[in-house]
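Presented below is the structure to which this report refers.
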Amino acid sequence: MIVRFGFVAMSMMLQNASVSRTMTYQQFSRLADRGAALRKLERIALENLEHSLRLLKHCVAHDVQVYRFSSKLIPLATHGELNDWDPYPALEEAFAKVGAYVREKKLRVSFHPDHFCVLNTPRPEVLESSVRDLEYHVRMLEAMGLGERTAKCNIHVGGAYGDKEAAGERFVRQFAELNERYKGRITLENDDKTFTAEETLAIAELSGVPMVLDIHHHAVNDGGLSQNAVVRELWPRIARTWETGGGSLSGGPAAESLPPKIHASSPRSEKDMRSHADLLEPGHLLRFLQEIAGSVPRIDVMLEAKQKDAALFQLMDELRKRERDGGFRVVDGASIEI
DNA sequence: ACCTGTCAAGTCTGG
DNA sequence: CCAGACTTGACAGGT
């Protein structure tokens with residue numbers, strides 16, 4: 001099984017390469033000339049896109065093929081007071097350039113809309129803004145020219161609202177009502193407080209979307225399910241959610257589908273088990289990979305460590321040291337065979 | 001140059 | 001019903 005490692009958004013190694021530069025709404029609204037203010041937002045977005053391309057080149061230079069874009073590429077993009085603003089004429093070229101590079105280098109990229117995108121909310125106005133947030137992310141992938149088979153938006157199920165079962169059912173119901181354009185883009189990830197891996201998987205299966213297993217979230221929110229049971233009972237089903245490439249309605253030939261993806265991070269400390277540590281302690285991840293090694297030919301691991309790319313390269317250093325008797329082979333700067 | 005409170009957005013808890 | 005925590009990178013305004 002080939003394991004590729006990736007990281008999230010920013011680099012701790014490149015200087016002056018922020019991919020999340022922004023402007024507060026208060027600052028925006030203070031500018032007298034609204035047109036000029038919008039041009040300023042567009043210039044910030046262009047800078048974020050240029051830096052994203054720099055990040056991708058940095059990835060390629062170090063064999064990294066898995067990368068998650070920042071969600072903050074276009075500042076204030078989904079703000080209610082800016083509904084009339086279309087930033088794309090100014091950004092089309094920059095997005096196309098990023099997308100062309102992704103395709104040329106065959107990178108696997110994604111977005112992770114954050115906790116404001118809650119598709120299982122009981123509040124209509126929150127659902128509406130969640131769909132707007134989804135539209136924002138999907139539109140960026142489309143502007144990059146990346147198809148739904150390869151470029152996804154990963155989200156969580158959402159809140160429990162005092163009745164987790166009903167909340168899960170509401171996700172399935174409200175997801176089913178979404179435009180096909182969004183459905184084919186979504187992957188679902190278990191979270192660290194509410195929806196466990198088992199619960200998330202059931203919802204992902206009903207919705208026909210791939211599931212991203214976060215093994216750190218599972219460790220702190222396992223719902224009483226042992227690590228063994230995850231490997232034996234859950235993993236084969238999780239792997240199956242990836243076989244159609246996402247969405248039973250939009251499923252295509254398996255050859256076009258993505259390898260399963262998991263998230264890995266280490267707890268910050270014994271007292272603070274949920275927060276992410278600076279680096280990844282490889283023991284837990286290696287044991288998990290070892291146990292599922294026969295199940296799929298490829299898997300991608302998104303590292304969610306505070307030190308981002310630096311943590312990935314530190315991990316690879318560590319893996320090179322353990323290679324001899326670790327039961328795996330280091331393939332290149334960002335992948336192993338296990 | 002550096003530090004601190006704040007940021008558009010949601011949910012949960014505790015008062 | 002409302003304030004504060006949660007969480008994150010970066011801004012904004014101060015020294």
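By convention in this document, chain letters (A, B, ...) are assigned in the order of the sequence lines, proteins followed by strands, and residues within each chain are numbered from 1. FYI, side chains are in, hydrogens and waters are out, and symmetry mates aren't considered; it's all heavy atoms of this structure. None of these values were measured; they are calculated from a predicted model.
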Problem - Distance test, side-chain N/O of A/Tyr161 to OP1/OP2 of B/dC12, below 4.0 Å - result: no
Problem - Integer-rounded Å distance: B/dT11 C1' and A/Arg170 CZ - result: 12 Å
Practice task
From the options B/dA8, C/dT8, B/dG10, select the nucleotide whose nearest atom is closest to the side chain of A/Lys72.
Solution key: C/dT8
Problem - Contact under 4.0 Å: A/Arg274 side-chain N or O vs C/dC6 OP1/OP2 - result: no
Exercise for the section: Please check the phosphate of C/dC11 (OP1 and OP2 only) for any side-chain N or O of A/Arg21 closer than 4.0 Å. Expected result: yes
Exercise for the section: Tell me what A/Arg30 touches on the nucleic acid: a base, only sugar-phosphate, or nothing, going by heavy atoms under 4.0 Å. Expected result: sugar-phosphate
Problem - Inter-nucleotide C1' distance (B/dC2, C/dT7), Å rounded - result: 23 Å
Practice task
Tell me what A/Thr194 touches on the nucleic acid: a base, only sugar-phosphate, or nothing, going by heavy atoms under 4.0 Å.
Solution key: nothing
Handout entry: Donor-acceptor pair under 3.5 Å, A/Ser130 side chain vs B/dA9 base
Key = no
Practice task
May I have the distance from A/His112 (atom NE2) to B/dG10 (atom P), rounded to whole angstrom?
Solution key: 17 Å
Completion exercise
In whole angstroms, the gap separating C1' of C/dT7 from NE2 of A/His156 amounts to 12 Å
Problem - Sidechain N-carboxylate O distance under 4.0 Å for A/Arg181, A/Glu135 - result: yes
Handout entry: Partner nucleotide, any strand, of B/dA9 [Watson-Crick/G-U, under 3.5 Å]
Key = none
Exercise for the section: Considering just the side-chain nitrogens and oxygens of A/Ser18, establish if one lies under 4.0 Å of OP1 or OP2 belonging to C/dA10. Expected result: yes
Exercise for the section: Respond yes when some side-chain nitrogen or oxygen of A/Lys308 is under 4.0 Å from OP1 or OP2 of C/dG9, and no when none is. Expected result: yes
Completion exercise
Test side-chain hydrogen bond (donor to acceptor under 3.5 Å, both in side chains), reference A/Asp300, set A/Lys261, A/Arg108, A/His263, output is A/Arg108
Exercise for the section: Give one of base, sugar-phosphate or nothing for A/Ala9, where a contact means two heavy atoms less than 4.0 Å apart. Expected result: nothing
Handout entry: Candidates C/dG13, B/dT11, B/dA8 - which lies nearest the side chain of A/Tyr25
Key = B/dA8
Handout entry: Check: A/Asp278 side chain, A/Ala311 main-chain N or O, donor-acceptor pair, under 3.5 Å
Key = no
Fill in the blank from the handout: Pairing partner of C/dA12, by Watson-Crick or G-U wobble and under 3.5 Å for both distances, is B/dT4
Exercise for the section: Inspect the contact between A/Glu180 and A/Lys183 and indicate whether a charged nitrogen and a carboxylate oxygen are less than 4.0 angstrom apart. Expected result: yes
Exercise for the section: Provide the distance between the two P atoms, one in B/dG5 and one in C/dG4, to the nearest whole Å. Expected result: 14 Å
Completion exercise
From the candidates C/dA12, B/dT11, C/dA10, the one with an atom nearest any side-chain atom of A/Thr22 is C/dA10
Practice task
Look at the rings of A/His217 and A/His156 and say which category their plane angle falls in: under 30° parallel, 30 to 60° tilted, over 60° perpendicular.
Solution key: tilted
Exercise for the section: Rounded off to whole Å, could you give me the NE2-to-C1' distance for the A/His79 and B/dA9 pair? Expected result: 9 Å
Practice task
Find which nucleotide of DNA chain C each of A/Met10 and A/Asp192 is nearest to by heavy atoms, and output the residue with the more 5' nucleotide.
Solution key: A/Asp192
Completion exercise
The nucleotide from C/dA10, C/dT7, B/dC12 with an atom nearest the side chain of A/Ser275 is C/dT7
Exercise for the section: Using the P atom on both, measure B/dC7 against C/dA3 and round to a whole Å. Expected result: 14 Å
Exercise for the section: Find the distance A/Asn221:CG to B/dC12:P and express it as a whole number of Å. Expected result: 13 Å
Problem - Distance, rounded to the nearest Å, where A/Phe116 contributes CZ and B/dA8 contributes C1' - result: 7 Å
Practice task
For C/dT8, take OP1 and OP2 only and decide whether either is under 4.0 Å from a side-chain N or O of A/Lys306.
Solution key: yes
Problem - P atoms of C/dG9 and B/dT11, separation to the nearest Å - result: 23 Å
Practice task
Round to the nearest Å and state the distance from A/Ile155 atom CD1 to B/dG10 atom C1'.
Solution key: 14 Å
Practice task
Could you tell me the separation between the NE2 atom of A/His115 and the C1' atom of C/dC6, rounded to a whole number of Å?
Solution key: 8 Å
Problem - Expected output: side-chain A/Asn190 to main-chain A/Asp214 donor-acceptor under 3.5 Å - result: yes
Exercise for the section: Answer yes if the side chains of A/His216 and A/Glu304 hold a donor-acceptor pair under 3.5 Å, and no otherwise. Expected result: no
Exercise for the section: Looking at every strand, decide which applies to A/Thr78 at a 4.0 Å heavy-atom threshold: base, sugar-phosphate, or nothing. Expected result: base
Exercise for the section: May I ask you to verify if any side-chain N or O of A/Ser129 is less than 4.0 angstrom from the OP1 or OP2 atom of B/dA8? Expected result: no
Exercise for the section: Would you classify A/Gln26 as touching base, sugar-phosphate or nothing, given that sugar-phosphate means primed atoms plus P, OP1 and OP2, and contacts are heavy atoms under 4.0 Å? Expected result: sugar-phosphate
